[in-house]
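Residue numbers start from 1 in every chain, and the chains themselves are labelled A, B, ... in the order their sequence lines are given, proteins ahead of strands.
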Amino acid sequence: MDPKYKPQQIEAKIYKEWEDRNLFKAVVDKGKKPFSIILPPPNANASLHLGHAMYVYEDVMIRYHRLIGDETLWLPGADHAGIETQYVFEKFLQKQGKSRFDYDRETLFKKIWDFVMENRGTMEDQLRRLGFSLDWEKKKFTLDDDIVKVVYRTFKKLADKNLLYRDYKLVNYCTRCGTSFSDLEVVYVEREDPLYYMKYGPFTIATVRPETKFRDTALAVNPKDKRYKKYIGEVIEVQGLLGPIRMTVIPDPEVDPKFGTGIMKVTPAHDPHDFELGKKFDLPVTPIITTSGKMDFSWFLNRKDISEKYRQRANKYHNQKVAVARSMIVEDLKTDGLLIKVDQNYTHRVGTCYRDGRVIEPLPLEQWFIKVKPLVDKAKKLVVDGEIKIYPKRFKKRLIDILDNFIDWNISRQIVWGIRIPAYRCRSTKKWFIETTAPKYCAICGKDDFIQDEDTFDTWFSSAQWPFAVLATQKGNNIKTTDYNNELFNYYYPTTVMETGYDILRAWVSRMIMIGYFATGKPPFKNIFLHGLVRDRFGQKMSKSKGNVINPMAIVDRYGADVLRAALVFGVKEGGDLPFTEDKLIGMRNFCNKVWNIGRFIDMNRGQKTKAKGQKLEILKKLGKEFKEEKKKYLKSMDGYKFSQAFGLVYEFVWHRFADYYLEQLKDDVINGNIKALETLEEVFLENLKMLHPFVPFVTEAIYKVFEKDGRSILQDRL
RNA sequence: GGACCUAUAGCUCAAUGGCAGAGCGCUUCAUUCACAUUGAAGAGGUUAGAGGUUCAAAUCCUCUUAGGUCCACCA
């Protein structure tokens with residue numbers, strides 16, 4: 001053995017051996033307890049970031065359960081990551097001077113598919129380099145045909161159970177991305193915008209969006225506001241830039257009398273609150289902004305009774321981008337004497353696209369929505385009753401809170417890269433029908449005159465089905481059955497643990513519970529284990545814009561996977577964020593080297609067969625006793641999901657008790673050929689190697705190989 | 001506005017009612033012995049502050065201060 005542990009020379013080789021010998025392969029063994037984890041599928045198209053290395057906690061669990069004799073399954077996969085990937089691809093197109101509009105739907109999809117397939121291997125190789133004991137034979141992709149079938153079935157089932165509806169509602173629309181988003185994907189940012197006070201008939205109103213005023217359909221006041229009470233129910237005529245408009249004054253307790261002038265203009269087509277108000281008072285929804293983010297005055301220009309002045313104005317605004325039109329309109333308001341004052345320092349929060357930071361435009365669109373109430377109720381019951389347990393416990397409250405506040409889920413996305421929604425519209429009746437396989441005839445009228453919805457599913461809609469979908473679609477499984485009844489599925493589902501970052505509790509975990517239970521009648525997992533976020537050494541979140549991102553592969557190159565893994569576990573509180581420092585890496589490197597050298601010392605002295613002298617039986621007994629206690633504590637910590645504690649325990653024992661004390665005490669004896677002492681040390685050491693194995697698999701396997709002459713892997717041994 | 005988290009050694013963090021600890025850094029010493037990516041010894045703490053419960057509190061409760069996160073949402 002080398003005096004130094006050199007991970008670069010052995011890691012790849014060891015991983016290949018594990019794979020070649022099928023040591024990660026999961027089977028159905030009724031004599032054993034199943035233990036299963038589905039890997040949260042990384043984006044197929046992107047490299048891993050440091051956060052992905054946190055999946056080490058899953059590997060720790062899987063390897064530990066294998067060591068204590070369970071039958072384990074860790075199933076890998078890849079996510080098509082809808083808008084994320086399409087966005088990256090569009091940037092790639094941009095570099096070639098092209099855009100998504102240069103291709104038809106099929107070509108664009110095919111191009112993104114090829115792009116993704118080219119990059120997909122990178123992510124998978126990186127998972128291997130981290131030493132993850134994934135069952136690669138079973139890997140799945142969210143766009144695999146059979147996964148798509150499962151997703152279609154769930155969609156149909158939602159429709160059959162009346163949990164799906166199509167509605168004309170305000171959605172969060174990004175005019176650059178060209179798609180709507182669910183409300184979870186809107187990022188609110190604080191901004192300073194001018195607040196315009198404009199004359200509105202007998203009133204003055206304050207607004208940041210003067211450009212939508214043309215399609216206001218009412219004015220709202222607080223019913224308790226004495227100033228305006230008398231106007232409620234009256235129809236007011238307002239002189240606008242395009243002539244007079246008539247609108248009713250309606251009561252709305254949400255209006256803050258202290259804001260602006262206490263009067264709010266109501267634009268149902270472009271404001272979520274106004275939209276709801278509009279519903280209540282039966283106001284028309286009259287859009288003036290298109291999905292490409294431009295003003296649309298065609299409703300006005302089509303009129304015949306308008307004066308030339310107004311026509312010119314409308315023509316000027318028509319087809320302009322919102323921001324451009326706004327300044328034109330403000331100018332014209334000044335000209336007409338309708339602008340009273342401007343508050344330049346008004347701060348408010350604006351919804352932006354989480355993807356590219358553009359302002360989200362609330363637009364009325366027809367979309368598919370899931371009625372979440374019944375799903376949420378079931379999910380909540382599973383969590384409250386403890387059928388699904390959460391570690392750390394404090395997230396239970398958070399999850400229940402999330403479930404309590406879910407609103408109906410918009411699952412339609414107007415992008416190409418995704419699973420196309422299997423909904424079809426009859427051309428003659430305009431009615432919709434849903435089929436899980438491409439229909440030949442219209443389910444409404446029986447003719448073949450129908451068209452498929454152009455939209456694709458929200459990525460999270462397919463991700464929400466991941467745990468049962470990947471098990472239902474394994475080779476040899478018949479997914480046509482309606483109850484997902486097959487051997488592998490029955491054995492491993494519900495999966496044992498869902499391990500992921502707490503930051504996607506809402507977007508993913510809660511939805512998996514809702515949809516998983518709905519589709520299978522069982523929770524998708526029995527336990528949730530949440531890890532924290534990796535931060536930089538100043539405690540800052542890592543992000544590309546801050547330039548503080550760390551490439552996990554660079555760490556693996558320099559220190560080896562074990563060191564990276566250990567650094568992400570050692571001294572970390574469960575579910576807590578952790579700063580990532582070079583010091584920690586050095587400490588873990590030193591530890592790996594220490595373990596290596598303990599092995600080296602024992603190995604060097606194994607050949608000696610001289611007879612025992614100077615036996616220190618009491619010390620050996622003490623060592624045995626201390627080890628027994630250590631192991632007991634270790635097992636307890638591991639079973640209680642206290643992985644960091646367990647690792648720390650072994651770290652302390654191996655280095656500061658075993659090496660610093662026992663080995664030092666027995667060193668002379670061992671060198672002089674005390675076989676009994678050597679044997680005891682070897683025995684305790686090998687047990688500790690196994691206990692360390694889940695955390696630092698490579699170095700422990702490398703040492704184990706030196707001692708296991710028949711070529712068994714440490715993975716084949718039991719704790 | 002609602003909820004949650006954090007505050008412990010110089011720095012980064014553990015410690016789940018029972019002797020306040022680790023890593024890195026610092027001081028002194030030892031040794032080239034499996035490991036200098038080493039070993040031994042040591043300095044460094046009123047556990048943010050105040051009050052309470054308890055035989056016993058970093059830990060449980062209340063309040064205060066400071067920092068952070070998530071959600072709701074501002075026409």
On the 0 to 90° scale, with breaks at 30° and 60°, tag the A:Tyr231-A:Tyr228 ring pair as parallel, tilted or perpendicular.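 Tilted.
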Given that both distances must come in under 3.5 Å, which nucleotide forms a Watson-Crick or G-U wobble pair with [N]?
N     : answer
B:A22 : B:U12
B:C70 : B:G2
B:A7  : B:U65
B:U37 : none

Is the NZ or CZ atom of A:Lys169 both under 6.0 Å from the centre of the six-membered ring of A:Phe369 and within 45° of that ring's axis?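 Pair A:Lys169/A:Phe369 counts as cation-pi.
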Counting only side-chain heavy atoms from C-beta out, which of B:C73, B:A75, B:A34 sits nearest to A:Thr207?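 Nearest to the side chain of A:Thr207 among the choices is B:A75.
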Between B:A34, B:C13, B:C4, which one does the side chain of A:Lys594 approach most closely?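 Nearest to the side-chain atoms of A:Lys594, counting from C-beta on, is B:A34.
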In terms of side-chain heavy atoms, does A:Asp183 have a donor or acceptor partner in A:Trp409 at a distance below 3.5 Å?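 No donor-acceptor contact under 3.5 Å links the two side chains.
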If we ignore angles and hydrogens, is there a donor and acceptor under 3.5 Å between the side chains of A:His270 and A:Glu361?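 Judged by distance alone, the side chains do not pair up.
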Interatomic distance at C1', B:U62 relative to B:U53, whole Å: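 It works out to 11 Å between them.
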Distance check, P atoms only: B:U46 and B:U65, in whole angstrom units.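 Rounded to whole Å, the distance is 24 Å.
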